[in-house]
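Throughout, a chain's letter reflects where its sequence line sits, starting with A, and its residues are numbered from 1.
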There are 2 protein chains.
Amino acid sequence: MPDDQPRDPLSLDAQLCFAVYAASRAITGLYRDLLADLGLTYPQYLVMLVLWERGPVPVKELGAALRLDSGTLSPLLRRLEAAGLVSRERSGSDERVVRAAPTGQGAALRERAETIPGRVLQATGLDGQEARTLHALLDRVTSSLGADAPPQDAVSACQPPPQEDRA
Amino acid sequence: MPDDQPRDPLSLDAQLCFAVYAASRAITGLYRDLLADLGLTYPQYLVMLVLWERGPVPVKELGAALRLDSGTLSPLLRRLEAAGLVSRERSGSDERVVRAAPTGQGAALRERAETIPGRVLQATGLDGQEARTLHALLDRVTSSLGADAPPQDAVSACQPPPQEDRA
DNA sequence: CACAACTTGATTGCGCACAACCTAATGGGT
DNA sequence: ACCCATTAGGTTGTGCGCAATCAAGTTGTG
């Protein structure tokens, strides 16, 4: 019975929470395969998306876009730097700020990454409309729970204006 | 480049992938708060859901239900055992099998957990129909990517025999 | 019985997430 | 000038998630 009232409390909720959890891990697993060629993990790929989009970005802004804090980003950026994909340097005007930017090698990776999104969408088995619906519902959930800034920022980081000129 | 819908390849896909990722972490964060009273993490809560539902369960079956392997479950169960919520013992008929079961204390925790689902659903800001739609889409994605067993098992672990969801 | 293939869990190592804490730099107020 | 609250990153510790590897037990075949 599709009761909107929670008559058996550990039921519908558990389905939904687990569905999000399982889907997230399944998607991460898919990316794991696709990104293996590039030597990136999924969170590293998300960071590179933002860097490709915005160029030199303070760690703070990266964290705001991806909803990650320095405890996650600092070691992640260190690994990207060790891999030669990212450079970090302190701002001159404010010595507290560290800006991360893709290196030439990191920027070059972007073209190889562009084949990935199409394969991911296809692998989900959803058509464009369903993907849009799913995305809208997830955004509702995230912003309801987030209580702070909506995910618009992060999303726009994922969809760049097709090209930009810079280093 | 494909002309169908993705004109800029790093766009829609990135939105959807990040939306799932962000929503998953937001939900986990919500549970973190709600479960703090019970002394459980979110994955530990999922394990307890299965144990409450099925009683003594081999680790293998737990892994199948939650899509987790022994590398995750072994230390997790060890911590639940150390907390006095779960007991583990080897099967007599097959010494390879370890069955986990809630202790009296673990079973008692169930009643305190029953107040959680309602609060979670409410916090998502979705009504019952939207939650159902979201759940159905996520299941499609998960099973498309999973390529192995569908999430039916895990879902039934979270709820007694429910109702078919409308596509 | 001996032996190879398979199954079940456990262990190890790495990379996130996140809370808690720390340092350094900034800016405001006196 | 001096304090002091604020801010940006970094570090530490805990707990997943997953690949790779291992040991112990089981089963099938001769």
Side-chain angles (χ1 to χ4, degrees), chain A residues 18 21-33 35-36 39-48 56-64 66-83 86 88-100 145-146, chain B residues 18 21-33 35-36 39-48 57-83 86 88-100 145-146 148 154:
Chain A
F18 181 77
Y21 170 76
S24 178
R25 284 193 295 126
I27 289 179
T28 300
L30 171 61
Y31 274 96
R32 196 190 323 285
D33 298 337
L35 293 172
L40 292 176
T41 66
Y42 179 58
Q44 288 168 6
Y45 168 76
L46 294 177
V47 167
M48 293 307 296
V57 166
V59 174
K60 168 93 173 200
E61 185 177 337
L62 258 180
L66 299 175
R67 305 287 183 276
L68 293 172
D69 67 4
S70 64
T72 300
L73 288 175
S74 287
L76 191 156
L77 289 172
R78 190 206 322 294
R79 282 184 286 270
L80 287 177
E81 192 174 34
V86 161
R88 282 190 294 177
E89 61 180 35
R90 293 208 168 266
S91 162
S93 59
D94 187 339
E95 285 289 339
R96 293 171 303 179
V97 174
V98 171
R99 268 196 278 270
L145 297 181
Chain B
F18 180 76
Y21 170 77
S24 179
R25 284 194 294 127
I27 289 179
T28 301
L30 171 63
Y31 274 97
R32 196 188 324 284
D33 298 336
L35 292 172
L40 293 177
T41 66
Y42 178 58
Q44 287 168 6
Y45 168 75
L46 293 177
V47 166
M48 293 306 295
V57 166
V59 174
K60 167 93 172 199
E61 187 178 337
L62 259 179
L66 300 174
R67 303 290 183 274
L68 294 171
D69 68 4
S70 63
T72 299
L73 289 174
S74 287
L76 190 156
L77 289 171
R78 186 201 321 291
R79 282 184 286 269
L80 287 177
E81 192 174 34
V86 160
R88 283 190 294 176
E89 60 181 34
R90 295 207 167 265
S91 163
S93 57
D94 187 339
E95 284 290 337
R96 294 169 305 178
V97 174
V98 171
R99 269 197 279 268
L145 297 181
D148 44 39

What's the CG-P distance between B:Asp33 and C:dA17, to the nearest Å? 18 Å
Checking A:Val57 now: which residues fulfil side chain to side chain contact (heavy atoms under 4.5 Å, CB included) with it, not counting sequence neighbours? A:Leu51, A:Arg54, A:Glu61, A:Leu62
Which pairs count as salt bridge (charged side-chain N to carboxylate O under 4.0 Å, His left out) when at least one residue sits in residues 91-100 of chain A, sequence neighbours excluded? A:Asp94-A:Arg96
The criterion is side chain to side chain contact (heavy atoms under 4.5 Å, CB included); which residues satisfy it with B:Thr72, sequence neighbours excluded? B:Leu68, B:Asp69
Between A:Glu95 (CD) and C:dG27 (P), how many Å, whole number? 12 Å
How many whole angstroms separate atom CG of A:Leu66 from atom P of C:dG15? 19 Å
For B:Glu89, all residues meeting side chain to side chain donor-acceptor pair (under 3.5 Å), sequence neighbours excluded: none
note: A:Leu80, atom CG; C:dC16, atom C1'; distance rounded to Å ~ 12 Å
My understanding is that only residues two or more places apart in sequence, or in another chain, count here; which of them pass side chain to side chain contact (heavy atoms under 4.5 Å, CB included) with A:Thr41? A:Pro43, A:Gln44
Which letter, B, S or -, goes with each nucleotide of nucleotides 9-18 of chain D from 5' to 3', with contact meaning a protein heavy atom under 4.0 Å? SBB---SSBB
Does the side chain of B:Ile27 reach to within under 4.5 Å of the side chain of A:Tyr21, using non-hydrogen atoms? no
